[in-house]
Amino acid sequence: MAEDEFGLKEKVSKLPTTPGVYQFFDANGVIIYIGKAKNLKNRVSSYFVKTNQTSKTMVLVRKIRDLKYIVVNTEEDALLLENNLIKKYKPRYNILLKDDKTYPWICITKEAFPRVFTTRKFIRNGSEYFGPYTSAKYANTLISLIKSLYKLRTCNLSLNKSAVYSGKYKVCLEYHIGNCMGPCVGYVQEEEYMEYIAQIRNILKGNISSVIDFMTRKMKEYTISLQFEKAQEMKEAIEALKTHQTKSTIVSTSINDIDVFSYLEDEKYAYVNYLRIVHGAVNQVHTIELEKKLDESKESLLSFAIFEIRQLVNSRSREVLVPFYPDVLMEGMNYAIPQRGEKKQLLELSERNVKFFKMDRERQRGLRRQDSKLDLLNTIKNDLKLPRLPHRMECFDNSNIQGTNPVASCVVFIDGKPAKREYRRFHVKTVIGANDFASMEEILYRRYHRVLEEGGELPDLIVVDGGKGQLSSAVATLRKLDLLERVPIIGLAKQMEEIYYPGDKDPYLLAKTSVALKTLMHIRDEAHRFGITFHRKLREKKQTISVLSEIKGIGEKTEVSLLQYFKSVNAIKEASREELAKAIGPAKGNIVYDYFHSAVS
């Protein structure tokens, strides 16, 4: 076992059975995986049990050279520590959170006549921070609403009472254009200003109804005292808040302060959507994407996501709706899987959000792949001066050793990638001996004569392995088939990676770093590998058949039966009389046994 070699078996045997976090290290002392466990000994031991292991886990285990662990009190503590360590070390085989953005907060400063603004920096200086808002657009919408309702100051002056009432400051342009109440010169009392801050605080907490109630009372007071202009301003503010509330509210106001999580996964990624419900309204929406590295359970991934998101948005909600229970049930949180009613509808809303997010990410990845593919094809087209994008490229290579078993191969690349189902092998039929030029001519004729007859797809570029000679033979074939003007063709010589064009005396050289040249070399090497493999199989088959054909009394059908039963000549040589008799009968079995064993003696 792998753990014996590096002393891991002993370390695993001495692990405690308490909750904790374990770390796996590679040969260079680098952390390659961090995990949490309810029982450290049981969890870590499971990695070294070969039954039911996935290929990904086997790769991880093969690289483990050392392990360390940290004991904690509870599973929740293990989840917290695992989360922090993964963020710190970013191990290769751990879940990868595909989200490294910073999010905006809305800050209410701790000072006389506080300021309210968005920021991406969280500074612990006594100021209040709301958020973070996973949608910058939503944060900016809230700030715009606050600015339209309350004429708060935006300057960073120190507005202590002595400075204000001593006449140290003068009103600025913001006051003159109606965006500020002028606290710097005492045009608004601090008590009144702080009432506005209290209302803003309620808005940011999602408690818009209480702000509307307060404004409605103030509007009536202004009306009674005949301050109709202020009453009208208050009425417009109430309407603005109601409009904002209408856009945000999607559930009954009886549902308050709930977190909702939904989960969706495919083979490579997991997606978790989050809805924060405050005072009957969706206060925040966020979806994260997790790239799976091992075969993590969905319960484990959901735990990771819940902890990550609640930490991000600073949620303290006790009630949490989920589609299934995560593997760690955290203290102070009541999980529920709703079956009917408004809470079930909320979970379904979250599930719709996560589905759309997944579809959008898949579309984005598809577009990136498409862009990358087009970039490669455009580079090849421009570097090789081709008339069109080389979506389909075909490359030919001949293989023979001292003229024996002459064969040829054709590999097909579509959009820069091997299309292995379209690879073809050819026996050279009309050429005797080692004649690469004639072999190339025969194979290309057979290939494209058949394509034309069957109405198949012609390539956008033909590559032949070789220099002027091979290219001339290929050109002659294309001319016979009337394809020379329709299909571009080049030769790629091995020694200097020179590119030859039909009719050109001198080769064309691309830089060694050229993406186009590297692609051509890849195609050429693949054709060579494919041809050599075929040639080797033919030689081995011929050698095998020649050995068995030398045995008198054994015909071709018996040879085939032997090879089908024993798979190789060596296995036939080592077989007992009884095994041979079982395969081909006692009489012929004795002939084969005596042949090999008398030869040995």
Side-chain angles (χ1 to χ4, degrees), residues 104-119 122-133 138-161 164 174-175 178-225 227 229-246 248-249 253 256-257 276-281 283-284 313-317:
W105 301 77
I106 292 179
C107 175
I108 301 178
T109 59
K110 186 181 181 182
E111 58 185 331
F113 300 98
R115 291 169 291 140
V116 181
F117 55 87
T118 59
T119 179
F122 190 108
I123 303 171
R124 299 187 184 280
N125 57 2
S127 299
E128 290 181 84
Y129 287 87
F130 295 85
Y133 294 93
Y138 183 70
N140 291 331
T141 300
L142 280 175
I143 284 293
S144 297
L145 174 68
I146 289 167
K147 285 183 177 179
S148 68
L149 295 175
Y150 308 99
K151 311 303 179 184
L152 305 182
R153 74 182 181 106
T154 56
C155 64
N156 56 6
L157 300 175
S158 177
L159 300 186
N160 56 65
K161 289 184 178 180
V164 170
E174 287 293 302
Y175 172 80
N179 288 340
C180 179
M181 294 179 286
C184 59
V185 292
Y187 289 172
V188 60
Q189 297 298 311
E190 189 170 3
E191 291 75 16
E192 183 182 355
Y193 192 97
M194 292 308 292
E195 280 185 2
Y196 299 141
I197 293 296
Q199 293 173 30
I200 292 168
R201 195 177 284 114
N202 274 325
I203 292 172
L204 294 177
K205 287 179 178 178
N207 192 7
I208 295 176
S209 298
S210 65
V211 180
I212 291 174
D213 291 342
F214 174 81
M215 285 184 167
T216 302
R217 291 195 301 273
K218 292 292 287 185
M219 181 182 68
K220 290 178 180 178
E221 290 174 11
Y222 289 140
T223 303
I224 292 169
S225 62
Q227 299 181 64
E229 188 175 333
K230 284 190 174 183
Q232 180 61 29
E233 287 178 0
M234 199 60 66
K235 181 182 178 182
E236 290 173 0
I238 292 168
E239 288 173 354
L241 276 175
K242 284 183 176 178
T243 300
H244 178 75
Q245 187 181 39
T246 302
S248 302
T249 302
T253 52
N256 179 45
D257 202 18
R276 186 176 189 176
I277 312 302
V278 180
H279 297 290
N283 187 267
Q284 280 190 298
V313 301
N314 200 28
S315 172
R316 296 292 179 268
S317 301

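Worth knowing before you read on, the calculation uses all heavy atoms, side chains too, and leaves out hydrogens, waters and symmetry mates.
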Looking at every heavy atom in both Lys161 and Glu190, which two are closest together, and how far apart are they? CE-OE1, 4.2 Å
Heavy-atom closest contact (Met181 atom, Tyr187 atom, distance): O-CB, 3.2 Å
To the nearest 0.5 angstrom, please state how far the [atom1] atom of [X] sits from the [atom2] atom of [Y].
X      : Y      : atom1 : atom2 : result
Asn160 : Glu111 : CG    : CD    : 11.0 Å
Leu152 : Ile200 : CG    : CD1   : 4.0 Å
Arg201 : Met194 : CZ    : CE    : 6.0 Å
Phe113 : Cys155 : CZ    : SG    : 10.5 Å

Kindly say whether Pro114 contributes a backbone atom to a donor-acceptor pair with the side chain of Tyr193 at under 3.5 angstrom? yes
So, Arg153 side chain and Pro183 main chain: donor-acceptor pair closer than 3.5 Å or not? no
Could you walk me through whether Val116 and Ile197 pass the side chain to side chain contact (heavy atoms under 4.5 Å, CB included) check? CA-CA 9 Å; Val116 181; Ile197 293 296; 4.1 Å; yes
Whether over 12 other heavy atoms sit under 6.0 Å from Lys151 NZ: yes
Do Ile108 and Phe130 have side-chain heavy atoms sitting under 4.5 Å apart? yes
Parallel, tilted or perpendicular for Tyr129 and Trp105, by the 30°/60° rule? perpendicular
Applying the side chain to side chain contact (heavy atoms under 4.5 Å, CB included) criterion to Tyr222, which one of Lys235, Glu229, Arg217, Gln227 satisfies it? Gln227
Please assess Asn179 against Thr154 for the test side chain to side chain contact (heavy atoms under 4.5 Å, CB included), listing each intermediate value before the final yes or no. CA-CA 9 Å; Asn179 288 340; Thr154 56; over 6 Å; no
